[in-house]
Amino acid sequence: MAARALTRGLLGLRHSRAVTLGYSCGGQQQHYANAASIKSPQTEDITEKVINQSLEKPDFFRLSELFSLKELFDARVHLGHKKGCRHRLMEPYLYGCRLDHDIIDLDQTMEHLQQALNFTAHVAYRGGVILFVSRRRQFGHLVENTAKDCGEYAHTRYWQGGLLTNAPIQYGPGVRLPDLIIFLSTLNNVFQQHVGIRDAAKMNIPTVGVVDSNCNPSLVTYPVPGNDDTPAAMELYCRLFKMTINRAKDKRRQMELLHSLSAPSKPSS
Amino acid sequence: MLGFRVRVPVLVPVSRSSSSASGADRPGSGSGFAAAFDLQAEIQREAESAAAGSSGSVPGQQDSFASLLRRSPLVQMGPVRDQLVVGRVFHVVQDDLYIDFGGKFHCVCPRPAGGEALQRGSRVRLRLQDLELTARFLGASTDTTLLEAQAVLLGPLEGRDNQNQNQN
(Lines give C-alpha, C1' and ligand atoms only; values in the text may rest on other atoms or scores of the structure.)
Protein backbone atom coordinates (compact mmCIF):
# COMPACT_ATOMS: atom_id res chain seq x y z
CA MET A 1 0.00 0.00 0.00
CA ALA A 2 2.68 2.36 1.10
CA ALA A 3 4.90 1.11 -1.72
CA ARG A 4 2.12 1.79 -4.25
CA ALA A 5 1.70 5.33 -2.96
CA LEU A 6 5.46 5.83 -3.08
CA THR A 7 5.72 4.65 -6.68
CA ARG A 8 2.74 6.82 -7.65
CA GLY A 9 4.44 9.77 -6.03
CA LEU A 10 7.72 9.03 -7.83
CA LEU A 11 5.96 8.64 -11.14
CA GLY A 12 4.25 11.95 -10.60
CA LEU A 13 7.62 13.59 -9.91
CA ARG A 14 9.18 12.12 -13.04
CA HIS A 15 6.22 13.26 -15.12
CA SER A 16 6.46 16.85 -13.87
CA ARG A 17 10.21 16.89 -14.54
CA ALA A 18 9.61 15.66 -18.07
CA VAL A 19 7.05 18.40 -18.55
CA THR A 20 9.47 21.12 -17.48
CA LEU A 21 12.19 19.65 -19.71
CA GLY A 22 9.85 19.71 -22.67
CA TYR A 23 9.01 23.30 -21.84
CA SER A 24 12.61 24.47 -21.69
CA CYS A 25 13.45 22.83 -25.03
CA GLY A 26 11.10 25.23 -26.72
CA GLY A 27 8.18 22.85 -27.02
CA GLN A 28 5.56 25.51 -27.17
CA GLN A 29 2.82 23.11 -28.20
CA GLN A 30 2.10 22.09 -24.65
CA HIS A 31 1.86 25.37 -22.84
CA TYR A 32 -0.03 27.78 -24.98
CA ALA A 33 -2.65 27.27 -27.62
CA ASN A 34 -1.09 26.21 -30.88
CA ALA A 35 -1.98 28.50 -33.76
CA ALA A 36 -3.03 25.52 -35.85
CA SER A 37 -5.58 24.42 -33.30
CA ILE A 38 -7.34 27.78 -33.40
CA LYS A 39 -7.52 28.04 -37.21
CA SER A 40 -10.46 26.59 -39.03
CA PRO A 41 -9.84 23.57 -41.30
CA GLN A 42 -10.41 25.87 -44.30
CA THR A 43 -7.37 28.03 -43.59
CA GLU A 44 -5.38 24.88 -42.88
CA ASP A 45 -6.20 23.62 -46.38
CA ILE A 46 -5.10 26.91 -47.90
CA THR A 47 -1.84 26.90 -45.93
CA GLU A 48 -1.11 23.34 -47.00
CA LYS A 49 -1.83 24.13 -50.63
CA VAL A 50 0.25 27.29 -50.52
CA ILE A 51 3.20 25.43 -49.03
CA ASN A 52 2.95 22.44 -51.36
CA GLN A 53 2.79 24.68 -54.38
CA SER A 54 6.10 26.28 -53.47
CA LEU A 55 7.79 22.88 -53.68
CA GLU A 56 6.64 22.11 -57.22
CA LYS A 57 9.31 24.00 -59.14
CA PRO A 58 13.06 23.98 -58.41
CA ASP A 59 13.35 27.78 -58.71
CA PHE A 60 9.91 28.80 -57.50
CA PHE A 61 11.01 32.32 -56.59
CA ARG A 62 13.05 32.84 -59.81
CA LEU A 63 16.13 33.80 -57.86
CA SER A 64 18.55 33.08 -60.69
CA GLU A 65 17.56 36.38 -62.27
CA LEU A 66 18.74 38.32 -59.20
CA PHE A 67 22.45 37.84 -59.83
CA SER A 68 24.84 36.98 -62.64
CA LEU A 69 28.45 35.91 -62.94
CA LYS A 70 29.47 39.34 -64.22
CA GLU A 71 27.89 41.02 -61.19
CA LEU A 72 29.74 38.71 -58.81
CA PHE A 73 32.96 39.34 -60.68
CA ASP A 74 32.57 43.11 -60.62
CA ALA A 75 31.92 43.00 -56.88
CA ARG A 76 35.30 41.21 -56.45
CA VAL A 77 33.71 38.09 -54.95
CA HIS A 78 36.39 35.87 -56.52
CA LEU A 79 39.32 37.43 -54.61
CA GLY A 80 40.65 35.31 -51.79
CA HIS A 81 43.38 35.76 -49.23
CA LYS A 82 47.02 34.87 -49.71
CA LYS A 83 48.18 31.29 -50.06
CA GLY A 84 49.54 31.20 -46.51
CA CYS A 85 46.11 32.06 -45.03
CA ARG A 86 44.31 29.32 -46.92
CA HIS A 87 42.21 26.80 -45.00
CA ARG A 88 42.77 23.24 -46.16
CA LEU A 89 39.04 22.55 -46.49
CA MET A 90 38.52 25.50 -48.85
CA GLU A 91 40.75 23.98 -51.52
CA PRO A 92 37.88 22.37 -53.48
CA TYR A 93 36.23 25.79 -53.84
CA LEU A 94 39.32 27.57 -55.18
CA TYR A 95 39.88 28.07 -58.89
CA GLY A 96 43.61 28.49 -58.36
CA CYS A 97 46.35 30.64 -56.96
CA ARG A 98 47.75 33.57 -58.89
CA LEU A 99 51.05 35.06 -57.63
CA ASP A 100 50.27 33.81 -54.11
CA HIS A 101 46.68 35.12 -54.10
CA ASP A 102 43.86 32.58 -54.03
CA ILE A 103 41.09 32.93 -56.60
CA ILE A 104 37.69 31.50 -55.68
CA ASP A 105 35.87 29.59 -58.42
CA LEU A 106 32.86 31.70 -59.31
CA ASP A 107 31.13 28.87 -61.18
CA GLN A 108 30.90 26.94 -57.92
CA THR A 109 29.95 30.11 -56.07
CA MET A 110 27.04 30.66 -58.47
CA GLU A 111 25.63 27.20 -57.72
CA HIS A 112 26.12 27.51 -53.98
CA LEU A 113 24.64 31.00 -53.90
CA GLN A 114 21.61 29.83 -55.84
CA GLN A 115 21.01 27.01 -53.35
CA ALA A 116 21.56 29.27 -50.34
CA LEU A 117 19.20 31.96 -51.64
CA ASN A 118 16.59 29.35 -52.54
CA PHE A 119 16.72 27.90 -49.05
CA THR A 120 16.51 31.37 -47.48
CA ALA A 121 13.50 32.16 -49.66
CA HIS A 122 11.70 28.97 -48.63
CA VAL A 123 12.37 29.65 -44.95
CA ALA A 124 11.05 33.19 -45.30
CA TYR A 125 8.06 31.91 -47.28
CA ARG A 126 7.07 29.71 -44.34
CA GLY A 127 7.39 32.56 -41.87
CA GLY A 128 10.68 31.47 -40.35
CA VAL A 129 12.81 33.69 -38.14
CA ILE A 130 16.09 34.61 -39.83
CA LEU A 131 19.12 35.92 -37.96
CA PHE A 132 21.97 37.77 -39.68
CA VAL A 133 25.31 37.39 -37.91
CA SER A 134 28.59 39.11 -38.69
CA ARG A 135 31.36 40.12 -36.34
CA ARG A 136 33.09 42.41 -38.86
CA ARG A 137 32.92 45.85 -37.35
CA GLN A 138 33.37 47.45 -40.75
CA PHE A 139 30.03 46.04 -41.97
CA GLY A 140 28.03 45.92 -38.74
CA HIS A 141 25.86 48.86 -39.65
CA LEU A 142 25.22 47.49 -43.13
CA VAL A 143 24.12 44.12 -41.77
CA GLU A 144 21.83 45.68 -39.20
CA ASN A 145 20.21 47.87 -41.85
CA THR A 146 19.75 44.87 -44.12
CA ALA A 147 17.97 42.98 -41.36
CA LYS A 148 15.77 45.96 -40.60
CA ASP A 149 14.84 46.39 -44.27
CA CYS A 150 13.62 42.85 -44.65
CA GLY A 151 11.93 42.59 -41.28
CA GLU A 152 14.31 40.03 -39.81
CA TYR A 153 16.90 40.04 -37.06
CA ALA A 154 20.64 40.74 -36.80
CA HIS A 155 23.34 40.11 -34.21
CA THR A 156 26.58 41.95 -34.90
CA ARG A 157 27.87 42.39 -31.36
CA TYR A 158 29.68 40.15 -28.90
CA TRP A 159 28.15 36.67 -28.95
CA GLN A 160 27.44 35.47 -25.44
CA GLY A 161 28.29 31.84 -24.87
CA GLY A 162 24.84 30.49 -24.12
CA LEU A 163 22.86 32.54 -26.60
CA LEU A 164 21.49 29.53 -28.46
CA THR A 165 22.41 26.65 -26.18
CA ASN A 166 21.26 28.27 -22.94
CA ALA A 167 18.48 30.43 -24.34
CA PRO A 168 15.56 29.49 -22.04
CA ILE A 169 17.60 30.38 -18.96
CA GLN A 170 19.18 33.53 -20.36
CA TYR A 171 16.09 34.91 -22.10
CA GLY A 172 13.21 33.29 -20.29
CA PRO A 173 11.28 30.08 -20.92
CA GLY A 174 9.54 29.46 -24.24
CA VAL A 175 11.81 31.70 -26.30
CA ARG A 176 11.74 30.98 -30.02
CA LEU A 177 15.13 30.33 -31.61
CA PRO A 178 15.90 31.41 -35.18
CA ASP A 179 14.99 29.01 -37.97
CA LEU A 180 17.91 30.10 -40.13
CA ILE A 181 21.16 31.88 -39.33
CA ILE A 182 22.97 33.74 -42.13
CA PHE A 183 26.64 34.39 -41.47
CA LEU A 184 27.95 37.21 -43.62
CA SER A 185 31.39 36.49 -42.19
CA THR A 186 32.13 33.19 -40.43
CA LEU A 187 35.15 34.48 -38.51
CA ASN A 188 35.25 36.55 -35.36
CA ASN A 189 37.70 39.34 -34.66
CA VAL A 190 40.57 37.00 -33.72
CA PHE A 191 40.30 34.95 -36.94
CA GLN A 192 38.71 31.97 -35.23
CA GLN A 193 35.48 30.37 -36.32
CA HIS A 194 32.42 32.17 -34.97
CA VAL A 195 30.88 30.36 -31.99
CA GLY A 196 27.46 30.65 -33.58
CA ILE A 197 28.28 28.12 -36.29
CA ARG A 198 29.02 25.37 -33.79
CA ASP A 199 26.07 26.33 -31.60
CA ALA A 200 23.63 26.40 -34.50
CA ALA A 201 24.79 22.93 -35.51
CA LYS A 202 24.23 21.78 -31.92
CA MET A 203 20.69 23.21 -31.87
CA ASN A 204 19.80 21.82 -35.34
CA ILE A 205 19.46 25.28 -36.85
CA PRO A 206 20.50 25.41 -40.54
CA THR A 207 23.11 27.99 -41.44
CA VAL A 208 24.02 29.89 -44.58
CA GLY A 209 27.54 31.30 -44.52
CA VAL A 210 29.84 33.30 -46.77
CA VAL A 211 33.16 31.45 -46.47
CA ASP A 212 36.37 33.15 -47.56
CA SER A 213 39.54 31.23 -48.36
CA ASN A 214 40.68 31.32 -44.71
CA CYS A 215 37.39 29.99 -43.25
CA ASN A 216 36.29 26.48 -42.29
CA PRO A 217 33.22 25.53 -44.34
CA SER A 218 32.56 22.15 -42.77
CA LEU A 219 29.82 22.97 -40.25
CA VAL A 220 27.97 25.46 -42.42
CA THR A 221 24.85 23.92 -44.01
CA TYR A 222 24.88 26.08 -47.16
CA PRO A 223 28.38 27.52 -47.59
CA VAL A 224 28.83 30.22 -50.21
CA PRO A 225 32.51 30.49 -51.12
CA GLY A 226 33.26 34.15 -51.68
CA ASN A 227 35.06 37.27 -50.57
CA ASP A 228 33.92 38.69 -47.24
CA ASP A 229 36.40 41.54 -46.88
CA THR A 230 35.54 43.99 -49.66
CA PRO A 231 32.66 46.44 -49.09
CA ALA A 232 31.42 45.91 -52.66
CA ALA A 233 31.05 42.16 -52.11
CA MET A 234 29.33 42.58 -48.73
CA GLU A 235 26.89 45.09 -50.18
CA LEU A 236 26.09 42.63 -52.93
CA TYR A 237 25.37 39.80 -50.48
CA CYS A 238 23.24 42.03 -48.26
CA ARG A 239 21.28 43.27 -51.25
CA LEU A 240 20.72 39.71 -52.54
CA PHE A 241 19.55 38.35 -49.19
CA LYS A 242 17.28 41.34 -48.64
CA MET A 243 15.70 40.98 -52.08
CA THR A 244 15.28 37.22 -51.63
CA ILE A 245 13.53 37.54 -48.28
CA ASN A 246 11.27 40.36 -49.45
CA ARG A 247 10.41 38.46 -52.59
CA ALA A 248 9.55 35.32 -50.62
CA LYS A 249 7.35 37.21 -48.17
CA ASP A 250 5.55 39.06 -50.97
CA LYS A 251 5.00 35.78 -52.77
CA ARG A 252 3.50 34.25 -49.65
CA ARG A 253 1.05 37.12 -49.23
CA GLN A 254 0.18 36.88 -52.92
CA MET A 255 -0.42 33.11 -52.80
CA GLU A 256 -2.58 33.32 -49.68
CA LEU A 257 -4.67 36.03 -51.24
CA LEU A 258 -5.01 34.01 -54.42
CA HIS A 259 -6.14 30.89 -52.63
CA SER A 260 -8.49 32.61 -50.24
CA LEU A 261 -10.14 34.40 -53.16
CA SER A 262 -10.43 31.31 -55.34
CA ALA A 263 -11.93 29.12 -52.60
CA PRO A 264 -14.58 31.33 -50.98
CA SER A 265 -16.75 28.85 -49.11
CA LYS A 266 -15.35 25.37 -49.32
CA PRO A 267 -17.16 22.78 -47.22
CA SER A 268 -14.86 21.52 -44.48
CA SER A 269 -14.01 17.85 -44.67
CA MET B 1 44.19 43.37 -83.71
CA LEU B 2 41.58 41.58 -81.70
CA GLY B 3 42.60 43.32 -78.47
CA PHE B 4 39.82 45.88 -78.54
CA ARG B 5 36.13 45.34 -79.22
CA VAL B 6 34.39 47.59 -81.66
CA ARG B 7 30.63 47.51 -81.28
CA VAL B 8 29.23 49.13 -84.38
CA PRO B 9 26.22 48.07 -86.44
CA VAL B 10 27.09 45.96 -89.43
CA LEU B 11 27.88 48.12 -92.45
CA VAL B 12 25.85 46.73 -95.33
CA PRO B 13 26.74 48.35 -98.65
CA VAL B 14 23.30 48.89 -100.18
CA SER B 15 24.56 50.06 -103.55
CA ARG B 16 28.02 50.92 -104.75
CA SER B 17 26.88 54.06 -106.54
CA SER B 18 25.64 55.77 -103.39
CA SER B 19 28.83 55.07 -101.50
CA SER B 20 30.49 58.12 -103.09
CA ALA B 21 27.60 60.31 -101.92
CA SER B 22 27.66 58.90 -98.41
CA GLY B 23 31.42 59.07 -98.44
CA ALA B 24 31.11 62.87 -98.27
CA ASP B 25 29.44 62.54 -94.84
CA ARG B 26 32.34 60.61 -93.40
CA PRO B 27 35.55 62.54 -93.87
CA GLY B 28 38.55 60.59 -95.04
CA SER B 29 36.73 57.28 -95.76
CA GLY B 30 36.64 56.17 -99.35
CA SER B 31 35.54 52.80 -100.65
CA GLY B 32 38.98 51.38 -99.81
CA PHE B 33 38.63 52.03 -96.08
CA ALA B 34 35.02 50.90 -95.96
CA ALA B 35 35.86 47.65 -97.69
CA ALA B 36 38.82 47.02 -95.43
CA PHE B 37 36.71 47.79 -92.35
CA ASP B 38 33.98 45.39 -93.46
CA LEU B 39 36.53 42.68 -93.98
CA GLN B 40 38.13 43.17 -90.58
CA ALA B 41 34.76 43.33 -88.81
CA GLU B 42 33.70 40.10 -90.47
CA ILE B 43 36.91 38.35 -89.51
CA GLN B 44 36.52 39.57 -85.93
CA ARG B 45 32.92 38.38 -85.75
CA GLU B 46 33.86 34.98 -87.10
CA ALA B 47 36.69 34.67 -84.59
CA GLU B 48 34.39 35.67 -81.73
CA SER B 49 31.67 33.24 -82.72
CA ALA B 50 34.21 30.43 -83.07
CA ALA B 51 35.68 31.20 -79.66
CA ALA B 52 32.24 31.46 -78.08
CA GLY B 53 31.33 28.09 -79.54
CA SER B 54 34.44 26.52 -78.09
CA SER B 55 34.15 28.13 -74.65
CA GLY B 56 31.02 26.08 -74.12
CA SER B 57 28.52 27.12 -71.45
CA VAL B 58 27.63 30.70 -72.34
CA PRO B 59 26.40 31.28 -75.88
CA GLY B 60 26.93 34.53 -77.67
CA GLN B 61 29.01 36.58 -75.25
CA GLN B 62 32.41 35.51 -74.02
CA ASP B 63 31.73 35.94 -70.30
CA SER B 64 32.87 32.67 -68.77
CA PHE B 65 34.66 33.09 -65.47
CA ALA B 66 37.97 32.00 -66.96
CA SER B 67 37.86 34.64 -69.69
CA LEU B 68 36.65 37.37 -67.31
CA LEU B 69 39.49 36.57 -64.94
CA ARG B 70 42.09 36.49 -67.69
CA ARG B 71 41.03 39.87 -69.03
CA SER B 72 40.69 41.49 -65.62
CA PRO B 73 43.12 44.33 -64.87
CA LEU B 74 44.27 42.59 -61.69
CA VAL B 75 45.56 39.59 -63.60
CA GLN B 76 46.83 41.57 -66.57
CA MET B 77 48.85 43.70 -64.17
CA GLY B 78 51.16 40.84 -63.23
CA PRO B 79 53.40 41.12 -60.17
CA VAL B 80 52.11 43.79 -57.85
CA ARG B 81 55.36 45.31 -56.63
CA ASP B 82 55.84 48.89 -57.93
CA GLN B 83 52.78 48.97 -60.16
CA LEU B 84 51.13 52.35 -60.67
CA VAL B 85 47.39 52.44 -60.13
CA VAL B 86 44.64 54.98 -59.56
CA GLY B 87 42.69 54.83 -56.31
CA ARG B 88 39.83 56.68 -54.69
CA VAL B 89 39.75 57.99 -51.11
CA PHE B 90 36.65 56.62 -49.38
CA HIS B 91 37.36 57.46 -45.74
CA VAL B 92 39.48 59.98 -43.92
CA VAL B 93 40.57 59.80 -40.27
CA GLN B 94 42.43 63.00 -39.38
CA ASP B 95 45.67 62.54 -41.35
CA ASP B 96 45.13 58.98 -42.64
CA LEU B 97 43.54 58.40 -46.04
CA TYR B 98 41.78 55.09 -46.70
CA ILE B 99 42.16 54.47 -50.42
CA ASP B 100 40.38 51.82 -52.51
CA PHE B 101 42.09 50.90 -55.78
CA GLY B 102 40.07 47.88 -56.90
CA GLY B 103 41.86 45.12 -55.05
CA LYS B 104 40.53 42.93 -52.27
CA PHE B 105 41.64 45.37 -49.56
CA HIS B 106 42.06 49.10 -49.26
CA CYS B 107 45.32 50.78 -48.32
CA VAL B 108 45.94 53.42 -45.71
CA CYS B 109 48.36 56.24 -46.52
CA PRO B 110 49.31 59.28 -44.47
CA ARG B 111 48.31 62.59 -45.95
CA PRO B 112 51.24 64.15 -47.85
CA ALA B 113 52.60 67.55 -46.94
CA GLY B 114 50.66 69.66 -49.43
CA GLY B 115 47.68 67.37 -49.69
CA GLU B 116 44.92 69.39 -48.06
CA ALA B 117 42.80 68.99 -51.19
CA LEU B 118 42.57 65.20 -50.77
CA GLN B 119 39.18 64.49 -49.24
CA ARG B 120 36.58 61.74 -49.53
CA GLY B 121 36.06 60.95 -53.21
CA SER B 122 39.28 62.38 -54.57
CA ARG B 123 41.27 60.22 -56.95
CA VAL B 124 44.95 59.63 -56.29
CA ARG B 125 47.88 57.87 -57.90
CA LEU B 126 49.49 55.03 -55.98
CA ARG B 127 52.50 52.80 -56.29
CA LEU B 128 51.46 49.39 -54.95
CA GLN B 129 53.78 47.39 -52.75
CA ASP B 130 51.54 44.53 -51.69
CA LEU B 131 47.89 43.58 -52.15
CA GLU B 132 47.60 42.03 -48.69
CA LEU B 133 49.99 42.38 -45.76
CA THR B 134 50.52 38.89 -44.37
CA ALA B 135 53.33 37.15 -42.52
CA ARG B 136 53.86 33.75 -40.95
CA PHE B 137 54.92 34.09 -37.35
CA LEU B 138 56.81 31.49 -35.35
CA GLY B 139 54.59 28.75 -34.01
CA ALA B 140 51.56 29.70 -36.10
CA SER B 141 49.82 27.32 -38.48
CA THR B 142 48.48 30.02 -40.80
CA ASP B 143 49.64 33.49 -41.80
CA THR B 144 48.58 36.48 -39.77
CA THR B 145 46.89 39.03 -42.03
CA LEU B 146 46.45 42.73 -41.47
CA LEU B 147 43.46 42.96 -43.86
CA GLU B 148 45.11 45.91 -45.62
CA ALA B 149 47.15 46.54 -48.72
CA GLN B 150 50.30 48.62 -48.80
CA ALA B 151 50.93 51.41 -51.27
CA VAL B 152 52.89 54.63 -51.56
CA LEU B 153 50.83 57.72 -52.28
CA LEU B 154 52.28 59.60 -55.25
CA GLY B 155 49.84 62.45 -55.46
CA PRO B 156 46.43 63.47 -56.70
CA LEU B 157 45.31 62.38 -60.13
CA GLU B 158 45.94 65.07 -62.73
CA GLY B 159 43.68 65.47 -65.73
CA ARG B 160 40.30 64.04 -66.63
CA ASP B 161 41.25 61.55 -69.41
CA ASN B 162 42.27 58.64 -67.20
CA GLN B 163 38.89 57.85 -65.64
CA ASN B 164 38.65 54.06 -65.60
CA GLN B 165 42.14 52.87 -64.83
CA ASN B 166 42.26 49.64 -62.87
CA GLN B 167 38.84 49.89 -61.29
CA ASN B 168 38.46 46.14 -62.02
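Just so it is clear: chains get the letters A, B, ... in the order the sequence lines come, proteins before strands, and each one is counted from 1. Please read all numbers here as calculations on a predicted model, not as lab measurements. Any value given below was found using the heavy atoms of this structure, including those in side chains, with hydrogens, waters and symmetry copies removed.
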Rounded distance (nearest 0.5 Å) linking atom CG of B:L69 with atom CD1 of A:I104: 12.0 Å
B:D63 bridged to A:K70 by N-O distance under 4.0 Å: no
Parallel, tilted or perpendicular: ring planes of A:H78 versus B:F65, cut at 30 and 60 degrees: perpendicular
Proximity breakdown for A:D100 and chain B, heavy-atom pairs closer than 4.5 Å: neither
Residue pair B:L133 / A:K82, side-chain heavy-atom distance below 4.5 Å: no
Partner chain B: residue of A:A232, A:P231, A:G80 with the largest heavy-atom pair count (under 4.5 Å): A:G80
Where A:L79 and B:G103 come nearest, the two heavy atoms and their spacing: CD1-C, 4.0 Å
Interface residues of residues 128-146 of chain A facing chain B - non-hydrogen atoms under 4.5 Å apart: A:R136, A:Q138
Distance, nearest 0.5 Å, that separates OG of B:S72 from CZ of A:R98: 8.5 Å
Contact winner vs chain A - B:V80, B:T142, B:V75, heavy-atom pairs under 4.5 Å: B:V75
Distance in Å, A:R76 CZ paired with B:K104 NZ, rounded so as to fall on 0.5 Å steps: 11.0 Å
Greater than 12 external heavy atoms within 6.0 Å of A:K249's NZ: yes
Heavy-atom proximity to chain B below 4.5 Å, by part of A:L106: both
Derivation and outcome, side-chain contact (heavy atoms from CB on, under 4.5 Å), residues B:T145 and A:C85: CA-CA 8 Å; B:T145 169; A:C85 299; 4.1 Å; yes
Residue part contacting chain A, namely of B:A66, when any heavy atom lies under 4.5 Å: both
Within-4.5 Å side-chain heavy-atom neighbours: A:D229 and B:L147: yes
Worked check of side-chain contact (heavy atoms from CB on, under 4.5 Å) between A:T230 and B:F105: CA-CA 6 Å; A:T230 313; B:F105 298 104; over 6 Å; no
Spacing of CG belonging to B:D130 relative to NE2 belonging to A:H101, to within rounding of 0.5 Å: 6.0 Å
4.5 Å side-chain heavy-atom contact, A:L69 and B:L68: yes
Proximal component of A:I103, with respect to chain B [non-hydrogen, under 4.5 Å]: side chain
B:Q76 atom CD, neighbour heavy-atom count above 12 within 6.0 Å: yes
A:H81 versus chain B, the contacting section by heavy-atom distance below 4.5 Å: both
Proximity of residues 189-213 of chain A to chain B, residues having a non-hydrogen atom under 4.5 angstrom: A:F191, A:D212
Atom CZ of B:R136: over 12 foreign heavy atoms under 6.0 Å: yes
Heavy-atom neighbours of A:F60 CZ exceed 12 at 6.0 Å: yes
